[in-house]
Amino acid sequence: MITVTLSRSGGNITKVRAIGHSGLAERGNDILCAAASAIIQTAYLALKDVDEETEYVRDTKSGLFEFTVGNKRPESNVILRAMIVGLHDLSSGYPQNIKLEEQ
């Protein structure tokens, strides 16, 4: 299962942590893992574009991709909201394979 955890402080997302594999297909051929990765990594790249203090950690073996949000700018909320909408859509279609949680 892919677990995506959103950490908040003062109502703002400060960290996104995704870990695991969906188990829908073999590693390397899993369209759900690819979709979740594309959504999360695109959000990271967009945040990095507007906020150079955003940093990430990745471990392909465990399926970990984690990033922190540095300086909050108005664009950051829009980017993160788009990511959440995409992940909610995936989790509603595949609830046994991807879980979205908040801390």
Side-chain angles (χ1 to χ4, degrees):
M1 172 172 283
I2 300 168
T3 302
V4 181
T5 305
L6 307 173
S7 299
R8 292 185 184 264
S9 177
N12 293 319
I13 295 174
T14 57
K15 185 178 189 180
V16 176
R17 183 176 196 269
I19 191 164
H21 297 283
S22 78
L24 196 62
E26 287 183 37
R27 286 178 63 174
N29 294 309
D30 192 321
I31 60 170
L32 185 56
C33 279
S37 293
I39 290 169
I40 294 164
Q41 290 181 37
T42 298
Y44 164 76
L45 291 170
L47 287 169
K48 183 77 173 164
D49 191 53
V50 299
D51 180 0
E52 60 191 48
E53 293 183 26
T54 300
E55 298 180 13
Y56 78 94
V57 174
R58 177 178 20 202
D59 177 34
T60 55
K61 187 174 182 179
S62 67
L64 171 71
F65 189 84
E66 176 179 287
F67 65 87
T68 57
V69 181
N71 290 331
K72 285 300 270 181
R73 296 190 180 179
E75 300 94 331
S76 299
N77 288 329
V78 174
I79 293 165
L80 291 166
R81 182 68 191 138
M83 180 193 72
I84 292 168
V85 168
L87 292 171
H88 271 295
D89 186 58
L90 288 179
S91 67
S92 69
Y94 298 90
Q96 303 87 351
N97 305 93
I98 184 168
K99 176 173 61 170
L100 187 59
E101 56 187 28
E102 294 196 29
Q103 291 183 334

Could you go through the side-chain contact (heavy atoms from CB on, under 4.5 Å) check for N12 and V69 one step at a time? CA-CA 9 Å; N12 293 319; V69 181; over 6 Å; no

When you compare the side chain of [Y] with that of [X], does any pair of heavy atoms fall below 4.5 Å?
X	Y	answer
M1	N97	no
V16	L80	yes
T3	E101	yes

Quick one: [atom1] on [X] to [atom2] on [Y], what's the gap to the nearest 0.5 Å?
X	Y	atom1	atom2	value
S91	Q96	OG	CD	11.0 Å
M83	L47	CE	CG	8.0 Å
Q103	T5	CD	OG1	5.5 Å

Considering all heavy atoms of both residues, which atom of [X] and which atom of [Y] are nearest to each other, and what is their separation?
X	Y	value
A36	I98	CB-CD1, 4.0 Å
A18	I40	CB-CD1, 3.6 Å
T54	G70	OG1-N, 3.8 Å
D30	G23	OD2-N, 3.6 Å
S62	I19	O-CG1, 3.7 Å
G20	I2	O-CG1, 3.9 Å

Please assess L24 against C33 for the test side-chain contact (heavy atoms from CB on, under 4.5 Å), listing each intermediate value before the final yes or no. CA-CA 8 Å; L24 196 62; C33 279; over 6 Å; no

Hey, could you give me each pair passing salt bridge (Lys or Arg N to Asp or Glu O under 4.0 Å) that has a residue in residues 9-21? Not counting sequence neighbours. K15-E66, R17-E66

Transitive ILVMFWY side-chain link I84 to V78, under 4.5 Å: no

Please assess R58 against L64 for the test side-chain contact (heavy atoms from CB on, under 4.5 Å), listing each intermediate value before the final yes or no. CA-CA 5 Å; R58 177 178 20 202; L64 171 71; over 6 Å; no

Describe, in one word, how the ring planes of Y44 and Y56 are oriented to each other, choosing from parallel (under 30°), tilted (30 to 60°) and perpendicular (over 60°). perpendicular

For I13 and R81, what are the C-alpha separation, side-chain angles and deciding distance, and is it a side-chain contact (heavy atoms from CB on, under 4.5 Å)? CA-CA 10 Å; I13 295 174; R81 182 68 191 138; over 6 Å; no

With no hydrogens and no angle check, just 3.5 Å: does a side-chain donor-acceptor pair link T68 and E55?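 No, no side-chain donor-acceptor pair sits under 3.5 Å.
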
Whether over 12 other heavy atoms sit under 6.0 Å from E26 CD: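 No.
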
Check whether T42 reaches the backbone of I39 with its side chain - one donor and one acceptor, N or O, closer than 3.5 Å.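 Here the side-chain-to-backbone pair does not exist.
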
Please check if the side chain of R73 supplies one atom and the backbone of V50 the other of a donor-acceptor pair under 3.5 Å. yes

